[in-house]
*Asks:* 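Following this message is one structure expressed as C-alpha cells.
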Amino acid sequence: MYLVNMLYVSRTDPSFNPDDIAQILESSARNNARRGITGILAFNSSYFLQCLEGSRSAVNSAYHAILNDKRHHSPVLLAYHEIHQRQFPQWAMGYIGENLFSQEILLRYSNSSEFKPYELSGQSAAGLLVELASHVPTLSSVPHLKTVSN
Ligand SMILES: Cc1cc2nc3c(=O)[nH]c(=O)nc-3n(C[C@H](O)[C@H](O)[C@H](O)COP(=O)(O)O)c2cc1C
C-alpha cells in the first residue's frame with residue numbers, strides 16, 4: 001500500500017493537563033509502531049501541530065481516533081497527500097516541545113515569531129516541522145520504529 005502524509009492543527013482543550021502530553025506520546029508511539037505510522041507532534045500549551053505518515057488506511061484510522069479525543073478540539077486539516085518516501089522514518093511519534101521552538105525558524109515560515117499554526121499554509125507547516133525536528137535530540141524522543149507492517 002502506498003504512503004500518505006497528513007498534517008493537522010488543533011487547540012488544547014481547557015481541561016488539558018500538561019501531564020497529558022506524556023500519555024499521548026506513549027499511546028501514539030505504541031499504536032503508531034503497530035500500524036506502521038511515523039510522524040511528529042509539535043505542542044505548546046495552546047496548540048498541537050501533528051504530521052502522520054504511513055499507509056492511507058492506517059493514517060486515516062489514526063486520524064479518526066485522534067479526532068474523537070477530548071483533550072483537543074477544532075482540528076483543521078492543513079495537508080493530505082500521497083508521498084513516495086517518509087519525512088520522519090526515525091520516529092513512531094517524534095516530539096517537539098516548546099523549549100525547541102526557535103523564533104528564527106518560526107519567523108522563517110510565518111509572519112510572526114510566535115507559534116500560530118492555524119495561520120500556516122500546509123507547505124509552511126511541513127517546512128516548519130522538518131526544520132524544528134532537525135533540532136530534536138534523538139535520545140529524548142520516543143523510541144524509533146522497529147517494524148513496519150500494514
Ligand atoms: C494531539 C493528539 C495527538 C495524538 N496522536 C496520536 C497518534 O499519533 N497515534 C495514536 O495512536 N494516538 C494518538 N493520540 C491519542 C488518541 O487520541 C487516543 O487517545 C489513543 O489512540 C488511544 O489509544 P490507547 O487506547 O491505546 O491508549 C493523540 C491525541 C492527541 C490529543
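Whatever order the structure lists ligands and atoms in, that order sets their numbers, starting from 1.
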*Asks:* Suppose the criterion is ring-ring contact (aromatic ring centres under 6.0 Å, His included): which pairs have a residue in residues 8-36, not counting sequence neighbours?
*Replies:* Y8-Y63, F16-F43, F16-F48
*Asks:* Is there a path of hydrophobic side-chain contacts, each under 4.5 Å between heavy atoms of I, L, V, M, F, W or Y residues, that connects L52 with V4?
*Replies:* yes
*Asks:* Could you tell me if S74 and R11 have a donor-acceptor pair between their side chains, going purely by distance under 3.5 Å?
*Replies:* no
*Asks:* Output all residues satisfying side chain to side chain contact (heavy atoms under 4.5 Å, CB included) with S121, sequence neighbours left out; order by chain, then residue number.
*Replies:* Q123, S124
*Asks:* Scan side-chain atoms only and decide if N31 and R34 contain a donor-acceptor pair under the 3.5 Å cut-off.
*Replies:* yes
*Asks:* Clusters formed by hydrophobic residues whose side-chain heavy atoms approach within less than 4.5 Å: which one holds L107, and what are its other members?
*Replies:* none
*Asks:* Name the residues with a heavy atom less than 4.0 Å from ligand 1?
*Replies:* Y8, I24, S27, S28, R30, N31, N32, R35, F48, Q50, L52, A65, I66, D69, R71, H72, M93
